[in-house]
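What follows is one structure encoded as structure tokens, with my remarks underneath.
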Protein chains: 2
Amino acid sequence: MTTPTTNPDDTRSKILDLAELLWLGRGFNGFSYQHISRELGIKNAAIHYHFPHKEDLGVALVQRYRRRLARYIEAQTGLDAAGKLERFLQLADTYYANDRQICPSGSLSVEFHTLPDALRGEATLFIQDMVDWAVAIVKEGKASGAMHFSGSEEDMAALLCAGLQGALQLARLAPQLLEQSKAALRAQLGLPPGGPVT
Amino acid sequence: MTTPTTNPDDTRSKILDLAELLWLGRGFNGFSYQHISRELGIKNAAIHYHFPHKEDLGVALVQRYRRRLARYIEAQTGLDAAGKLERFLQLADTYYANDRQICPSGSLSVEFHTLPDALRGEATLFIQDMVDWAVAIVKEGKASGAMHFSGSEEDMAALLCAGLQGALQLARLAPQLLEQSKAALRAQLGLPPGGPVT
DNA sequence: GTCTATAACGTGATAGAC
DNA sequence: GTCTATCACGTTATAGAC
């Protein structure tokens, strides 16, 4: 999930890789084609060849990310619910370790009102992916007896998504909030403090 | 907490009021002096008179907001812990009802890496205010027996801040997530589903 | 597929008149 | 305290040569 996927030698992939870094570090409105062209040693127009409008780049970023997420989820088929939850929480750690990036859903939702139409559509699909994943984990956990909590699975899954997204953002200003929020989520799910391995 | 405070007739206050709307609707990088001058029927230069740099406007916005929040918190002195929690959760509803705004901490943390220095400093102070408030509510709730949950008060308070911030953002793309997250927070705090009045 | 060159525009910002 | 006028710059985007 951490490493981008396509051939790192072709320019299109290099653009996507760098754009993703900038996107999650600075927001979609926080980077320009100049940031990319300067860093890659190519010209502005070369990026426009691959992605005529910035909207096209944004859509490609979200679509590529959704495909990666689907593979990430699929790779967890063998794990139990507690293990799957740790993978979910791990995502946040990975972002944070990577120059304190935030998660895609955070950028997309905060900037939503300023995003081009097509990107808003992709964003909505992506958020649905995330929520579905959280619901599946929590339902499996409750059904298997590994997790126990009050309230519905859907509510708990919503808090899981929202809490992790918010914690990752707040960690930029108050780093301890990420670990604290994760600990609270584990506790509220009836899981041991350090995750299944501790 | 919803309504700005200073004299609505002088230009400086009008600028701040409108800028706050734009800030929480589109992010700090999502609005310009033109947005404000056009809407207020004044010129770009008039805003620069009151706030020479956009950084100055941002600092003024956060400082004013912190003062309002302090009064909002102080006004709850008579309430019990459950009542104070509802006031905390209510903030999110107010934002959402107001053109699906997000909370200041959300904007400040997501855009953090692109903000001018002075604004980053104010942002850090503001987040500390929020977290302190959440910790106080949760501690009082646990001490009085009104709330019961596993894990530390600090962890729970972190999840409270992070969860509400994330839920408010995600509600732009999936509106049910706000109510669901709030319900989950109440449930995890050992409170009745609809808040103290239901 | 990448380049040069350039257009059209928005943005933050300032000088100086009133 | 607000205005006109203007600036320098960054941004998205396109045409056309190589």
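On a predicted model such as this, the values are computed, not experimentally measured, just so you know. In what follows, chains carry the letters A, B, and so on, assigned in the order in which the sequence lines appear, proteins first and then strands, with residues in each chain numbered from 1. Note that these values count all heavy atoms, side chains included, but never hydrogens, waters or copies made by symmetry.
The distance between atom CG of L57(B) and atom C1' of dT11(C), rounded to the nearest whole Å, is 14 Å. Counting to the nearest Å, the P atom of dT2(D) and the CZ atom of R12(B) are 12 Å from each other. Distance, L40(A) CG to dG1(C) C1': 14 Å, rounded to whole Å. One atom, CG of N44(B), and another, C1' of dT2(D), lie 12 Å apart when rounded to the nearest Å. Atoms CD1 (I47(B)) and P (dT11(C)) sit 12 Å apart, rounded to a whole Å. Rounded to whole Å, atom P of dA17(D) lies 20 Å from atom NZ of K43(A). If you take NE2 of H48(A) and P of dA13(D), they are 6 Å apart, rounded to a whole angstrom. Nucleotide dT6(D) holds its P atom 23 Å from the OH atom of Y33(B), rounded to whole Å.
Set against dT11(D), dC3(D), dT2(C), the side chain of I42(B) has dC3(D) as its closest nucleotide. Comparing atom distances between the A45(B) side chain and each of dT12(D), dT11(C), dA5(D) picks out dA5(D) as nearest.
Counting non-hydrogen atoms under 4.0 angstrom, K54(A) reaches the backbone sugars and phosphates but no base. Using a 4.0 Å heavy-atom distance criterion, Y49(B) is classed as a base contact.
Between E74(A) and R71(A), no side-chain nitrogen of the basic residue sits less than 4.0 Å from a carboxylate oxygen of the acidic one, so the salt-bridge criterion is not met.
Taking 4.5 Å as the limit, every side-chain heavy atom of C103(A) sits out of range of all side-chain heavy atoms of L24(A).
Between W133(B) and F88(B), the ring centre distance stays below 6.0 Å.
The structure places CG of L170(B) at 5.0 Å from OG of S109(A), a figure rounded to the nearest 0.5 Å.
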